[in-house]
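Reading through the structure tokens given below for one structure.
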Amino acid sequence: MTDKGLGWLAGSLKKLLPPTGPFARLFLGTPKKREGATVPATIVVGTQWGDEGKGKFTDLIAKEMTMVVRYQGGHNAGHTLVVDGESFALQLVPSGVLYDHITPVIGNGVVVDPLVLIAEMDKLEAKGVDCSRLQVSGNAHVIFPYHQQLDRLMERHLGKNKLGTTKRGIGPAYADKASRVGLRVQDLLDEKIFRAKLDVVLHEKNPLFAKLYNKLGYEVDDLVDTYLGETLHRIKPHIADTIDTVHTALEGGQGILFEGAQATFLDLDHGTYPYVTSSNPTAGGACTGAGVGPRHINRVIGIAKAYITRVGAGPFPTELFDEVGDHLVDVGHEYGTNTGRRRRTGWFDAVMARHAVRLNSLSEYAVTKLDVLDDLGTIKMCVAYEIDGVRTEKLPYHQTDYHKAVPVYEEFPGWKTDLTAMTERSQLPSEAINYLAAMEEQCGVPINMVGVGPGRKQFLHFTATV
Ligand code: GDP
Ligand code: IMO
Ligand code: MG
């Protein structure tokens, strides 16, 4: 048979064969390599107990990207951006929203309060920020007033053992998601389904409110009025198949930034349980919360303050209860972005930082708020713990041990210099370089960027080996 004849036979068989299966491979050839596997998908993740400055660095890095995707949490987050002296406190809207070229995406792993989202968009629009490109996953779960009420009641019930949640309904909403009685954003699009699902969930919740907490329950009709009227009208244009959005971008070779909320040690699996949030902020959460596989991720940036803060209850080995702690609160303005709560402060903890490198497979660190240490004569860094008199450089897996951890400190001379106007590594005083170099050595990954003020331009590139 001639080449032409063979080609015709193969062509005819191709049409007859199903497009998949071992025979199809014989005739159709090897599938084309997908471009998506090599595009720069980056995760920004908090490595302490939140408020590290993820918003600021997300905004900075977003300049090079086409999309910023929130993958977990909800409006418990408060991400602050300061651009040309104007401050933006974001809760649900991804921190790339200020750029016209960015598509901001709220992924499937987020829990969304539609009323808060609308209020946040309104606030941004009033400041001249265009939110029309925002996409919200139809698979994201909805936070309802009964979730927030439960959050408040459970905290009250816990009394002095309370977790210090943001009372935004985050835990109860994720609990309903896991119990398979949650409502998703796409359920807002179908009144019949919306009513049916609410019927099921309120059947259980209302007696709980009435009998256990002596509170009024919730009516399906009221929730229909609140969520399916004007609210739906506002949200509907943003509801999207964000998996398709994300993958179309990846396949087109476009850069995507996954913006973590909360942090590594607030992670439901890896944090200081039960003093944690109810989602997975660690890098793996970006995969499930946005619908991408790990092979797409090629850069994971851990954000760490040059010291540590925590808001809410839970263990904190390097916590400061003295005037240095107060100084960090005052100079660092350590009050919750949205809740206004005073944050607890402490020295940088390299044991935690090393653990965060492992849990997130960090490629690098970005350190924020170095300038807050400007006036200190001596700066301490926890390099190990002593537990029952035994030194350990690793984070103890047993929480009882973690509660007993006594920090082993190394001391560094302060630089007593104002860093806030510095933009180059070469301008840094040697004491600041030494402190950063020690952090880098302790963590085992490079520090590539350092924040020296809240503004978009207040940062510099750093490497310890120059
Ligand atoms: P996020 O939740 O991780 O985004 O952080 P928050 O916005 O809740 O808290 C970080 C605070 O520190 C915000 O007020 C930021 O404007 C501010 N900030 C971020 N980076 C720096 C920095 O390098 N220096 C100073 N002084 N403030 C910073
Ligand atoms: P960003 O994204 C700091 C803390 C709460 C509480 C615990 C559980 O701004 O870093 P939750 O309401 O989530 O059930 O509360 O988690 N927490 C945060 N702390 N920054 C956050 O977000 C936080 N989000 C939740 O204070 O201790
Ligand atoms: Mg915050």
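Each ligand, and each atom within it, is numbered from 1 in the order the structure gives. Owing to the predicted nature of the structure, the values given are computational and were not obtained by experimental measurement. Basis for what follows: all heavy atoms, side chains included, without hydrogens, waters or symmetry-related copies.
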- Against heavy atoms of His79, which atoms of ligand 1 measure under 4.0 Å? 1 (P), 2 (O), 4 (O), 7 (O)
- When you check the gap from the basic side-chain N to the acidic O, do Lys205 and Asp176 get nearer than 4.0 Å? yes
- Note on the structure: At under 4.0 Å between heavy atoms, what of Gln91 touches ligand 1? The answer is neither
- Task: With heavy atoms under 4.0 Å as the rule, classify the contact between Arg168 and ligand 2 as side chain, backbone, both or neither.
- Result: neither
- When you measure from atom 26 (O) of ligand 2 to each heavy atom in Arg341, Glu52, Arg343, which option holds the nearest one? Arg341
- At the 4.0 Å heavy-atom cut-off, does Glu52 count as touching ligand 1? yes
- Task: Could you tell me whether Gly453 and ligand 1 have an N or O pair separated by under 3.5 Å?
- Result: yes
- Here the N/O/S atom of Asp51 closest to the Mg ion (ligand 3) would be OD1
- Report the part of Val276 in contact with ligand 2, treating N, CA, C, O as backbone and CB onward as side chain, heavy atoms under 4.0 Å; options are side chain, backbone, both, neither. backbone
- Give a yes/no answer: is there an N/O/S atom of Lys54 under 2.8 Å from the Mg ion (ligand 3)? no
- Task: For Gly451, counting its heavy atoms only, list the atoms of ligand 1 lying under 4.0 Å from any of them.
- Result: 23 (O)
- Got an N/O contact under 3.5 Å between Gln458 and ligand 1? no
- Query: Which ligand 1 atoms are under 4.0 Å away from a heavy-atom of Gly55?
  - Reply: 4 (O)
- Report the residue from Val93, Thr242, Val110, Leu117 that forms a side chain to side chain contact (heavy atoms under 4.5 Å, CB included) with Val136. Leu117
- What is the ring orientation for His461 with Phe459, classed by angle as parallel under 30°, tilted 30 to 60°, or perpendicular over 60°? perpendicular
- Message: Looking at ligand 2, is there an atom of it that comes within less than 4.0 Å of some heavy atom belonging to Gly164?
- Response: yes
- Protein heavy-atom partner closest to atom 17 (N) of ligand 2 - residue, atom, separation in Å: Leu266 CD1, 3.8 Å
- Message: For the 3.5 Å polar cut-off, considering only N or O atoms, please tell me whether Asp371 and ligand 1 meet it.
- Response: yes
- Item | Check ion pair Asp113-Arg168 (N to O, under 4.0 angstrom) | no
- Message: I'd like to know whether the aromatic ring centres of His270 and His355 sit less than 6.0 Å apart in this structure.
- Response: no
- Should the proximity of Lys56 to ligand 1, defined as any heavy atom under 4.0 Å, be assigned to the side chain, the backbone, both, or neither? side chain
- Please confirm whether Gly78 comes under 4.0 Å of ligand 2, counting heavy atoms of the residue only. yes
- Query: Would you say Leu370 has any N or O atom under 3.5 Å from an N or O of ligand 1, going by distance alone?
  - Reply: no
- Message: Would Gly50 count as a polar contact of ligand 1, with the cut-off being nitrogen or oxygen pairs under 3.5 Å?
- Response: no
- Contact (N/O only, under 3.5 Å) between Thr368 and ligand 1: no
- Take the angle between the ring planes of Phe194 and Tyr227 and call it parallel below 30°, perpendicular above 60°, tilted in between. tilted
- Message: So does His398 get a backbone contact from the side chain of Thr400, meaning a donor-acceptor N/O pair under 3.5 Å?
- Response: no
- Query: For Val82 and ligand 1, does the shortest N/O to N/O distance drop below 3.5 Å?
  - Reply: no
- Task: Check each heavy atom of Val450 against ligand 1 and say whether those closer than 4.0 Å belong to the side chain, the backbone, both or neither.
- Result: neither
